[in-house]
Amino acid sequence: GAGVSQSPSNKVTEKGKDVELRCDPISGHTALYWYRQSLGQGLEFLIYFQGNSAPDKSGLPSDRFSAERTGGSVSTLTIQRTQQEDSAVYLCASSLWGGRADEQYFGPGTRLTVT
Amino acid sequence: KQEVTQIPAALSVPEGENLVLNCSFTDSAIYNLQWFRQDPGKGLTSLLLIQSSQREQTSGRLNASLDKSSGRSTLYIAASQPGDSATYLCAALNSGYALNFGKGTSLLVTP
C-alpha cells in the first residue's frame with residue numbers, strides 16, 4: 001500500500017517568507033509526527049497529533065512554527081517569516097495508534113532551503 | 001533528557017564482512033528502540049523495532065539486540081553487500097511519543 005507522502009520534495013524560499021509543508025499519512029494511521037533533520041544536529045521532534053486529541057507541540061522551536069491536521073488525516077506544517085536556520089529536511093511520520101508499541105513510518109521528507 | 005549515541009560515526013568494510021553497529025542511550029526507561037536506514041536524500045526506512053520486553057529482533061541478514069540495563073543496542077549485519085551502504089540510525093522512545101535519535105553511523109560496503 002501507499003506509504004507516507006510529503007510535498008513538495010524541495011522548497012527554496014527567501015528569508016522572511018512563509019512556507020507550508022504537507023504530509024499525507026498512511027491510510028488508517030491515527031497518529032502523525034513531524035521531525036526536523038538539520039545538518040550536524042540530527043533528527044529532532046517537532047509535533048505529534050493523535051486522533052482528535054490536542055497536539056503535543058513541545059518540540060516546536062519557536063512561535064513561528066505551527067501545524068494543523070485536518071479531518072484526522074493530512075497535516076500541514078507552516079513556518080512563518082523563515083530564517084536561514086530553518087533550513088533543514090522536514091520529515092513526517094505516521095503510526096497506527098500512537099501507542100508506545102507502535103512503529104513509526106517515515107515519509108521521504110521536504111528539503112527546505114532558506115536563502 | 002535521553003541522549004542517544006552511535007559509534008562509530010562512519011564505517012567502511014569490504015563486501016562479505018559481518019559487522020556490528022553500536023547504539024547507547026542514557027535513560028534505560030525506554031518503551032522501545034527502533035533501527036532505521038537512510039539513503040542519501042531519502043527518508044527513513046524502518047528496519048527493526050525492539051520492544052522494551054524483548055532482547056532481540058531479526059529480519060533477514062539483520063539482527064538487533066537490546067540490553068536495557070546497560071543502555072545498549074547493537075545492529076548486526078551479516079554478509080554485508082554494497083547495497084547495504086547507507087546511514088543507520090537508532091532511536092529510543094521514552095515517555096511521550098517522540099523518538100530520540102542518534103546521529104547515525106554512515107556505512108560504506110565496498111565491492
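The shown structure was predicted, so the numbers you read here are calculated from the model rather than taken from an experiment. Lettering of chains follows the sequences in order, A, B, ..., and the numbering in each one begins at 1.
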| So which part of Asp39(B) gets closer than 4.5 Å to some heavy atom of chain A, the side chain, the backbone, both or neither? | neither
| said: To check you understand the geometry: which heavy-atom pair defines the closest contact between Leu43(A) and Leu89(B), and what is its length? | reply: CD1-CD1, 3.9 Å
| Can you get from Phe45(A) to Leu33(B) by hopping between Ile, Leu, Val, Met, Phe, Trp and Tyr side chains that sit under 4.5 Å apart? | no
| field | Heavy-atom contacts under 4.5 Å, residues 13-37 of chain A to chain B | value | Tyr33(A), Tyr35(A), Gln37(A)
| field | Neighbourhood of chain A inside residues 62-82 of chain B, taking heavy atoms under 4.5 Å as contact | value | none
| query | Side-chain heavy atoms under 4.5 angstrom apart, residues restricted to Ile, Leu, Val, Met, Phe, Trp, Tyr: same cluster for Tyr90(A) and Phe49(A)? | reply | yes
| Could you give the distance from CD (Glu103(A)) to CG (Leu99(B)), rounded to the nearest 0.5 Å? | 10.0 Å
| query | Does one hydrophobic cluster hold both Tyr31(B) and Val4(B), with members joined at side-chain heavy-atom distances below 4.5 Å? | reply | no
| Considering residues at least two apart in sequence or located in another chain, which fulfil the ring pair (Phe, Tyr, Trp, His ring centres under 6.0 Å) criterion with Tyr97(B)? | Tyr48(A)
| task | Tell me whether Tyr105(A) is reachable from Leu91(A) by hopping between hydrophobic residues (I, L, V, M, F, W, Y) whose side-chain heavy atoms are closer than 4.5 Å. | result | no
| task | Name, in order of residue number, those residues of residues 43-59 of chain B that have a heavy atom at a distance of less than 4.5 Å from a heavy atom in chain A; otherwise write 'none'. | result | Gly43(B), Leu44(B), Ser46(B), Leu49(B), Gln51(B)
| said: If hydrophobic clusters are built by linking Ile, Leu, Val, Met, Phe, Trp and Tyr wherever their side-chain heavy atoms come under 4.5 Å apart, do Val114(A) and Val89(A) end up in the same one? | reply: no
